[in-house]
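Inspection log for the structure reproduced underneath, given as structure tokens.
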Amino acid sequence: MDSKSRALTEAQQQAVQHREGPLLVLAGPGSGKTTVVTQRIAQLLLSGVQPWQILALTFTNKAAKEMRGRVQSLIDESGMRAPGMTVSTFHSFCARLLRDWGDRVIGTTTFTIYDTADQKSAVKQALKACGMNDSNWKPGAVLSAISNAKNKLIDADTFQQEASDFYSKSIAKIYKSYDSILRGNDAVDFDDLLLQTAKLLDQDGDVRKQLEDRFQYVMIDEYQDTNYTQFVIANKIASNHRNICVVGDPDQSIYAWRGADISNILDFEKHYGEGTVIPLGRNFRSTGHIVKTAANLIEHNTQRKDKKLYTELEEGHEPSIISLDDEHEEAESIVCEALRLHNIGVPYKEMAVLYRVNSLSRVLEESFRNAGVPYVVARGTAFYERKEIKQALSYLRLLINAKDDVAFLRIINTPTRGIGATSLNRLAALAYERSWSLLESITFASKENGFTARSVTSMKNFADIYRQWQVDSCSDESLTATASLADLVERVIRESGLEEFYSKSSSEEDVDRLQNLEELVSAATDFEDRFETENEGVVATPLRLLFAFLENVALVSDSDAIDPENGAVTLMTLHASKGLEFDFVTIAGLEDGLLPHERAVYDDTQMEEERRLCYVGITRARTNLLLTNARRRTQRGMSKRTIASRFIREMTGEPYIEQITVDPWDVPDPDPADSFSKEITVGSLVRHKRFGVGKVQRVIRRPRGSTVTIKFKSGEKHLVLEYAKLELVTTQF
DNA sequence: AACTGTAAACTTTTT
DNA sequence: GTTTACAGTT
């Protein structure tokens with residue numbers, strides 16, 4: 001990246017040199033924020049600050065990894081040794097603290113982290129315990145109310161005290177019950193990681209002192225997306241020395257819906273009276289037209305501090321705005337453009353297609369696949385949401401936490417063991433009566449307390465498998481030397497019966513599932529390798545590794561799946577694109593109802609967040625920006641007319657006019673056109689290998705990568721001339 | 001208890 | 001168009 005070699009601006013320099021006291025860097029998109037943060041850390045290290053005194057918090061693992069790498073390379077040049085600084089996401093930092101001190105707040109350090117599906121299951125149980133039904137009380141809605149509370153540092157008791165109306169009183173009741181289920185299962189949810197850490201720091205002066213003393217320099221990236229609980233955590237650690245440096249941009253705040261509190265960044269000066277504020281408005285990433293487009297758009301937000309965004313780079317190409325007939329045409333046009341740019345030397349890895357909702361990826365993938373253009377969908381979490389993976393992980397989870405009833409329920413009868421609803425109800429009653437976990441209760445199930453002989457045998461078998469696994473993996477010596485994490489994972493998949501279960505049928509689906517299970521084993525191998533290189537000298541028992549592995553799995557994010565080295569176009573949501581940059585960016589689906597999303601249209605605050613989301617998307621582009629929409633779009637099986645996004649009007653500053661034939665970008669070095677393009681003109685009849693004979697509707701001539709629109713029997717197609725291998729049938733004039 | 005087929009709900013974004 | 005939930009059947 002050239003940002004590394006370029007001399008720093010005065011403002012950047014000032015931020016890098018800042019040492020003591022609170023610092024807020026208001027960093028516009030592409031203003032060299034990462035450079036500033038990494039150089040500042042390097043600077044601190046070089047001036048004698050010990051690596052372990054540094055705490056840098058980010059939002060994704062990928063951002064953490066990049067930051068660590070860049071700091072390392074900066075100090076490599078100065079011949080310094082590998083630092084032991086803490087660079088991690090908020091959530092994994094908190095998880096690690098709770099692994100050390102969790103027993104002081106949640107009574108355990110061997111907790112399991114529940115994902116959304118686990119949370120839903122726990123809420124359903126809570127509703128049942130409260131005698132409420134889940135059709136009146138949607139688990140999803142209840143969960144978001146609880147999540148909101150936790151993000152504001154409101155625990156169940158406080159929530160109950162503050163509840164005045166029927167609705168919040170009911171939520172309070174469910175919240176309490178939900179939390180007690182989590183505690184009973186030795187489990188925490190995502191928000192608990194933060195909430196319980198904040199509690200720990202508040203209640204335990206001893207722990208607070210240790211952390212305060214250790215982390216002399218605290219840094220937080222993407223500060224506009226922190227919530228109140230995160231603010232409290234950082235604040236407590238930094239309260240003594242006040243060496244807190246936060247970096248962010250209010251215009252890029254896109255997580256308010258998840259509890260992010262923009263007043264953290266807006267009120268920074270209020271929170272830290274003597275704080276320094278350094279704005280970085282100069283953009284080093286994008287060419288003039290792109291910066292201008294972004295600035296035009298964001299100016300339509302009223303709730304903002306006006307901040308100048310400018311660039312001294314060349315004007316560059318104007319963004320292209322194209323309307324297509326439907327989403328298939330849209331996808332094909334995007335692929336065409338990718339092919340064209342690839343032809344003139346833009347590598348695929350420097351291209352991205354962004355969209356508002358994940359469901360848009362399907363059509364795009366199809367077109368990319370058909371055209372043979374390599375692509376990756378940034379969906380790191382998708383793999384771990386698969387049924388078979390969740391099942392395998394539940395087996396592993398139950399191995400390290402026998403109280404994890406949610407995991408137990410997911411696998412007790414998968415593969416089917418003849419343990420149905422009746423037996424489970426009976427078991428649950430027994431567990432409740434004795435305050436045991438479900439796995440513990442199995443041992444005490446018998447004919448006398450109402451179980452059938454068959455279910456008693458199946459359950460005993462199940463318990464025996466676990467006993468064996470525990471003996472084999474918990475007696476430390478036996479496994480440290482010989483078995484690896486991957487061996488353990490493989491063994492659990494085999495002996496649980498999952499492998500056999502999915503190999504019985506040869507349906508395509510089950511073959512897939514089996515492959516995914518194999519992939520999980522290799523994921524374990526990868527993790528083990530990574531763990532060893534990152535934790536040199538730490539003796540890792542398989543059990544310890546398993547903890548770390550499961551934690552890692554629980555905290556993966558979509559953007560973690562992006563490998564900058566792969567030579568493929570990246571497809572992802574606008575949210576996942578935060579913090580990234582590409583030469584060529586497409587934003588697809590610029591339609592009212594999609595971007596801005598229909599659920600935000602009637603609320604000014606939400607509308608402004610949609611606008612910021614679009615702004616984030618635009619500012620990911622360095623040189624080329626393509627904005628597309630479809631006049632008709634099929635959603636939920638029905639094709640509907642669409643309306644162009646109001647954002648298009650806002651960013652161009654002109655009423656939106658559909659462009660029919662536009663040369664989106666000038667190509668710098670003109671080459672003589674190839675022989676095909678000389679003969680093929682509008683009206684020509686041509687033959688295509690797959691689509692048959694068609695009539696040329698439109699030709700966009702470019703020195704390389706001319707595109708043609710051809711009407712075939714099967715419909716209109718956009719093709720790149722060189723790739724299509726068209727055969728001329730007749731030329732009409 | 002396990003399997004099969006049909007109805008209904010679903011999609012905003014994610015650590 | 002896809003996934004989940006539940007009712008009905010064996």
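Below, chain A is the first sequence line, B the second, and so on; all start at residue 1.
When all heavy atoms are compared, the tightest approach of Asp592(A) to Arg646(A) is OD2-NH2, 2.6 Å.
Under the 6.0 Å distance and 45° angle rule, Arg183(A) does not count as a cation-pi partner of Phe111(A).
In this entry the distance linking CG of Leu354(A) with P of dT14(B) reads 12 Å, nearest Å. Rounded to whole Å, the distance from OH on Tyr355(A) to P on dT13(B) is 10 Å. Rounded to whole angstrom, the span from the CD atom of Glu385(A) across to the P atom of dT13(B) amounts to 10 Å. Look at CZ on Phe59(A): it is 9 Å from C1' on dT15(B), rounded to the nearest Å. Between the CZ atom of Arg356(A) and the C1' atom of dT14(B) there is a distance of 11 Å, rounded to whole Å. Whole-Å rounding puts the Leu574(A) CG to dT14(B) P distance at 10 Å. Distance, Asn148(A) CG to dT15(B) C1': 14 Å, rounded to whole Å. A straight line from CG of Leu613(A) to P of dT13(B) spans 11 Å, rounded to a whole angstrom.
In this pair, Trp257(A) lays its aromatic ring flat on the base of dT13(B), centres within 5.5 Å and planes under 30 degrees apart.
Identified under the salt bridge (Lys or Arg N to Asp or Glu O under 4.0 Å) test for residues 611-620 of chain A, with sequence neighbours left out: Glu609(A)-Arg612(A), Arg611(A)-Glu650(A). Pairs of residues two or more places apart, or lying in two chains, that qualify as salt bridge (Lys or Arg N to Asp or Glu O under 4.0 Å) and include a residue from residues 410-429 of chain A are Asp118(A)-Arg410(A).
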- Message: So if I define the base as every atom that isn't primed, P, OP1 or OP2, how would nucleotides 2-10 of chain C read as a B/S/- string at a heavy-atom cutoff under 4.0 Å?
- Response: S--S-----
- Task: Sugar-phosphate means primed atoms, P, OP1 and OP2; the rest is base. With that split, encode nucleotides 1-9 of chain B 5' to 3' as B, S or - using protein heavy atoms under 4.0 Å.
- Result: SSS------
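Remark: His597(A) engages no residue in a ring pair (Phe, Tyr, Trp, His ring centres under 6.0 Å) (not counting sequence neighbours). With sequence neighbours excluded, no residue forms a ring pair (Phe, Tyr, Trp, His ring centres under 6.0 Å) with Phe501(A). Ser263(A) meets the side-chain contact (heavy atoms from CB on, under 4.5 Å) test with Asp261(A), Asp267(A); sequence neighbours excluded. Under the rule for a side-chain contact (heavy atoms from CB on, under 4.5 Å), the partners of Ser423(A) that lie at least two apart in sequence or sit in another chain are Ile419(A), Ser455(A). Partners of Thr634(A) by side-chain contact (heavy atoms from CB on, under 4.5 Å), not counting sequence neighbours, listed by chain and number: Glu327(A), Ser639(A). Every residue meeting the side-chain contact (heavy atoms from CB on, under 4.5 Å) condition with Asp191(A), not counting sequence neighbours, appears here in chain and number order: Ser147(A), Lys150(A), Asn151(A), Asp189(A). Checked against ring pair (Phe, Tyr, Trp, His ring centres under 6.0 Å), Tyr175(A) has the following partners two or more places apart in sequence or in another chain: Phe159(A).
For the pair Ser557(A) and dT15(B), the criterion of a side-chain N or O lying under 4.0 Å from OP1 or OP2 is met. A close approach under 4.0 Å does occur between a side-chain nitrogen or oxygen of Asn358(A) and OP1 or OP2 of dT14(B). Regarding contacts with the backbone of dT14(B), a side-chain N or O of Thr573(A) is found under 4.0 angstrom from either OP1 or OP2.
Across dT11(B) and dC6(C), the matching P atoms stand 16 Å from one another, rounded to whole Å.
Here Asp191(A) lies out of heavy-atom contact (under 4.0 Å) with every strand. Across all strands, Phe90(A) comes closer than 4.0 Å to no nucleic acid atom at all (heavy-atom distances).
Scanning DNA chain B for stems, defined as runs of 3 or more consecutive Watson-Crick or G-U wobble pairs whose donor-acceptor distances all fall under 3.5 Å, gives the following ranges: B:1-10 with C:1-10.
Looking at Lys390(A) and Asp115(A), a side-chain N of the basic residue comes within less than 4.0 Å of a carboxylate O on the acidic one, giving a salt bridge.
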